[in-house]
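Report on the following structure.
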Amino acid sequence: MNLLRAERALLERALPGFDDRLVEWGAAVEDPDSGVLEAFRAADGGNLLIPEAMGGAGLSCHDGVLLQRAVGSRAPSLAVASTMHHYKVAWLADALGTEAAPVLRDITARRHLVASCGAEGQVGRNLFTPGIEVSTAPGGLFVSGTKRPCSLARSMGLLSLSATAPAGSPHEGRLLILMIPADTPGVHRQPFWHNPVLRATESDAVILEEVFVPDAMAISLGDPALTPEPLTSNLLWFQILITASYLGIATGLVEQLFVEKRGTAGDRAAALAPLESQCAALESLARAVDDGHRDEHLLGRTLLVRYTTQRAIAEATDRALELGGGIPFVTGTRNVDLLAASRALAFHPPSEISMRERLDSWLAGGPLTLA
């Protein structure tokens, strides 16, 4: 089948045999006890977007789009959860270069998966300063707070979070990236995710109680007001890879129409077309990142593509569910689960609702500000 041919060929080159394993898992891959995240970690899946000089496979942002779409078409939870790791390590290498090399080499050597502590689910909260309290300590910082939901809560080797350095810290007022080993005293996990969809992302609550972070595990990004490019790069990597993952989930649902010969030839092409169009746009944005672009113009275009993709996914998956027929709907939940999973792109920050006026102002010539 030509559908997803390039995407699955890249997955096969990057992780030989892994696509076959996902096919064997079938719907069971979405069981939180399936072991798919551990299999992905053991296969060096977490090292794919880390540069070769730092021990990784050196895949590009464009490669990442193909990779995540391929994975999403087989294993929705794995695609979403792995994005939280991929975007963070790719961004650290992109934004900090050699300064991030020691951490990234350790990640590749230990096959760590990195969970990312951002502001998901927190209305009105700054994207780069989640609700975490940070105080000074001899030789480092104390960190307390709660991140919920936090994907990879059980499988993470490291927890990455951003915070503003407190008064009295050597980096006072600067934006920091803190890398916290998952087995650090004071790191706890609690059940949080109760939706049966995307359960295998391990999106539970992570509780931090006076967790000590040594200075060596704190990376300074400088004054965010003076160095906007690292923050723009962070958002670019995340928006592009997470959109690709959900495009993959939706494509997996539409693919079943071709496998089962549901509807007419025109019906099937019409269901797929919106997804292919948006994937082409996303690949173009990823190539711009690979070419070194990190400006707010690219970020604005990326957000527009992401929000348009949300609508394209809705159109395509609605059509696929209807063409799939009533008997699969009555006798199983797989198609409905895929449809619901594909819609969760709308819940990742920044939401379309929060960005409408900001994008309108930017398109009219103003600066692009974020929720």
Side-chain angles (χ1 to χ4, degrees), residues 1-8 10-11 19 22-23 26-27 29-30 62 64-80 82-83 195-198 201 239-286 301-330 332-348 351-353:
M1 185 179 293
N2 285 323
L3 176 57
L4 294 172
R5 182 175 62 177
E7 289 83 353
R8 287 176 179 154
L10 183 137
L11 175 57
D19 187 53
L22 294 179
V23 172
V29 77
E30 290 302 293
H62 179 258
V65 169
L66 302 184
L67 175 75
Q68 294 308 95
R69 194 181 184 202
V71 173
S73 72
R74 304 287 202 203
S77 290
L78 176 60
V80 174
S82 63
T83 292
N195 193 321
V197 175
L198 296 174
T201 58
Q239 299 299 324
I240 289 172
L241 294 181
I242 198 67
T243 303
S245 295
Y246 284 101
L247 270 171
I249 297 171
T251 306
L253 178 55
V254 173
E255 182 182 26
Q256 294 178 26
L257 301 178
F258 290 85
V259 173
E260 299 169 4
K261 301 297 183 183
R262 295 282 184 171
T264 67
D267 289 333
R268 295 190 290 273
L272 180 64
L275 303 181
E276 287 297 309
S277 297
Q278 291 308 116
C279 191
L282 199 62
E283 288 186 46
S284 175
L285 296 169
R301 291 173 60 215
T302 298
L303 290 171
L304 291 172
V305 167
R306 175 203 148 171
Y307 301 143
T308 304
T309 299
Q310 291 173 195
R311 293 188 289 276
I313 285 173
E315 177 186 345
T317 54
D318 281 351
R319 190 185 297 260
L321 187 68
E322 180 178 354
L323 291 173
I327 296 301
F329 178 86
V330 171
T333 64
R334 176 65 171 166
N335 287 359
V336 176
D337 288 346
L338 288 173
L339 182 146
S342 72
R343 303 297 176 84
L345 177 57
F347 305 133
H348 292 279
S351 69
E352 180 180 12
I353 292 174

Got a second to check how far D318's CG is from L339's CG, nearest 0.5 Å? 6.0 Å
Any non-hydrogen side-chain atom of E7 less than 4.5 Å from a side-chain atom of L67? no
If every non-hydrogen atom of A346 is compared with every non-hydrogen atom of S351, which pair is closest and at what distance? O-CB, 4.3 Å
Out of T83, T251, I313, which residue meets the side-chain contact (heavy atoms from CB on, under 4.5 Å) rule with Y246? I313
Shortest non-hydrogen contact between L338 and P76, atoms and distance: CD2-CG, 3.7 Å
Checking S284 side chain against A280 main chain: does a donor-acceptor pair fall under 3.5 Å? no
Could you report the tightest heavy-atom contact between A316 and A271, atom names first, then the distance? CB-O, 3.2 Å
Could you tell me whether E315 and R343 make a salt bridge, using a distance below 4.0 angstrom between a side-chain N and a carboxylate O? no
Which atom of L257 lies closest to which atom of R268, heavy atoms considered: O-CD, 3.4 Å
If we ignore angles and hydrogens, is there a donor and acceptor under 3.5 Å between the side chains of T243 and T309? no
Between OH of Y307 and CD of Q278, what distance do you get to the nearest 0.5 Å? 14.0 Å
Residues D267, R319: salt bridge by 4.0 Å N-O rule: no
Does a salt bridge link E322 with R262, judged by any charged N lying under 4.0 Å from a carboxylate O? no
What is the minimum heavy-atom distance between D19 and R8, and which atoms define it? OD2-CD, 4.1 Å
So, for A312 and L275, which heavy atoms are closest and what is the spacing to 0.1 Å? O-CD2, 4.0 Å
Quick one, L247 and V65 - any side-chain contact, counting heavy atoms below 4.5 Å? no
From OG (S245) to CD1 (I240), nearest 0.5 Å: 12.0 Å
Within the 4.5 Å heavy-atom criterion, are V29 and R74 side-chain neighbours or not? no
Mind running salt bridge (Lys or Arg N to Asp or Glu O under 4.0 Å) on E276 and R69 for me, showing each step along the way? CA-CA 11 Å; E276 287 297 309; R69 194 181 184 202; 2.7 Å; yes
Taking atom CD of Q256 and atom CG of L323, what is their separation to the nearest 0.5 Å? 12.0 Å
To the nearest 0.5 Å, how far apart are CG in L4 and CG in L10? 12.0 Å
Just checking, is any N or O donor in the side chain of E30 or S77 under 3.5 Å from an acceptor N or O on the other one? yes
Nearest-0.5 Å distance that lies between atom CG in D337 and atom CG in L253: 10.5 Å
Hey, does the side chain of Q68 reach the backbone of A79 with a donor-acceptor pair shorter than 3.5 angstrom? yes
Evaluate the side-chain proximity of N335 to T317: yes if any heavy-atom separation is below 4.5 Å, no if none is. no
Does R306 use its side chain to pair, donor to acceptor, with the backbone of L345 at less than 3.5 Å? yes
